[in-house]
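For reference, the structure is listed below as structure tokens.
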Amino acid sequence: MRTTRSVDSVQFLPFLTTDINNLSWMSYGALKGDGTLIFVNATGAVLQTAYILVYLHYCPRKRPVLLQTATLLGVLLLGFGYFGLLVPNLEARLQQLGLFCSVFTISMYLSPLADLAKIIQTRSTQRLSFPLTIATLLTSASWTLYGFRLGDPYIMVPNLPGVLTSVIRLWLFWKYSREQDRSHPLLQT
């Protein structure tokens, strides 16, 4: 974005939802007293917020971006209100917040598969990011192992789809070799 001074080829919503996901998992970590969850997700939230600010700076139409941001922040605040005020039992709050975070994480990991039909139809992986696929595989595998180590299904289970979708995307990169995509300048890394 900084190089091109444009947001034309960049999607905003995935980074906003990742920021909300980080903030939710940070809250789960705070309830559990898990410093690793707090630190990693606080760092992720800071980075995602910085991205959002850069995006907002270069975005010519700020109103829709601000509206999406305000809407998701409103949902986050409603969630904090619900979990903080209406669920007084700490164990129930931990379970409900863990379930919310799990569902949100699963939906984020499955979202890249929305382009699956188009990728197969065009026999091109130009819609996929190879570095992001590798990062997702490593991150989701790490969180799965961490959840397994803690015996926490709310951490372990939602990260399994991240491993699965990454393997599917790697298979697509193998099946539809980038040789077919050489004409696309953004794909040459």
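All heavy atoms count here, side chains included; hydrogens, waters and symmetry mates do not.
- Partner of L16 under the side-chain contact (heavy atoms from CB on, under 4.5 Å) criterion, chosen from N21, T69, T49: T69.
- For the pair K32 and L94, the minimum side-chain heavy-atom distance is below 4.5 Å.
- Using a 4.5 Å heavy-atom threshold, the side chains of C101 and W25 count as touching.
- Not counting sequence neighbours, the partners of N22 by the side chain to side chain donor-acceptor pair (under 3.5 Å) test are N41.
- Hydrophobic cluster membership differs between V40 and M156, with clusters built from Ile, Leu, Val, Met, Phe, Trp and Tyr side chains linked at under 4.5 angstrom.
- Residues Y28 and Y154 are in side-chain contact: their nearest non-hydrogen atoms beyond the backbone lie under 4.5 Å apart.
- Of the options Y146, Y109, W143, a side-chain hydrogen bond (donor to acceptor under 3.5 Å, both in side chains) to N159 is made by Y109 and by none of the others.
- Counting only heavy atoms from C-beta outward, the side chains of V103 and P158 never approach each other to under 4.5 Å.
- Under a hydrophobic-cluster definition in which Ile, Leu, Val, Met, Phe, Trp and Tyr are linked whenever side-chain heavy atoms come within less than 4.5 Å, directly or via other members, L170 and L132 are assigned to different clusters.
- In this structure, I119 and Q126 have side chains that are not in contact, with every pair of non-hydrogen atoms separated by 4.5 Å or more.
- Cluster annotation: L145 and I155 are assigned to distinct hydrophobic clusters (Ile/Leu/Val/Met/Phe/Trp/Tyr, side-chain heavy-atom contacts under 4.5 Å, transitive).
- Note that CD of Q48 is 6.0 Å distant from CG of D19, once rounded to the nearest 0.5 Å.
- A donor-acceptor pair shorter than 3.5 Å can be found between the side chains of Q96 and Y82.
- The number of heavy-atom neighbours closer than 6.0 Å to CZ of F80, taken from other residues, nucleotides and ligands shown, is above 12.
- Using a 4.5 Å cut-off on side-chain heavy atoms (C-beta onward), L138 and I134 make contact.
- Looking at heavy atoms from C-beta onward, T17 lies in side-chain contact with F104 at the 4.5 angstrom threshold.
- If you look at F173 and F130, their ring centroids are closer than 6.0 Å.
- Between V157 and S102, the closest side-chain pair of non-hydrogen atoms is not below 4.5 Å.
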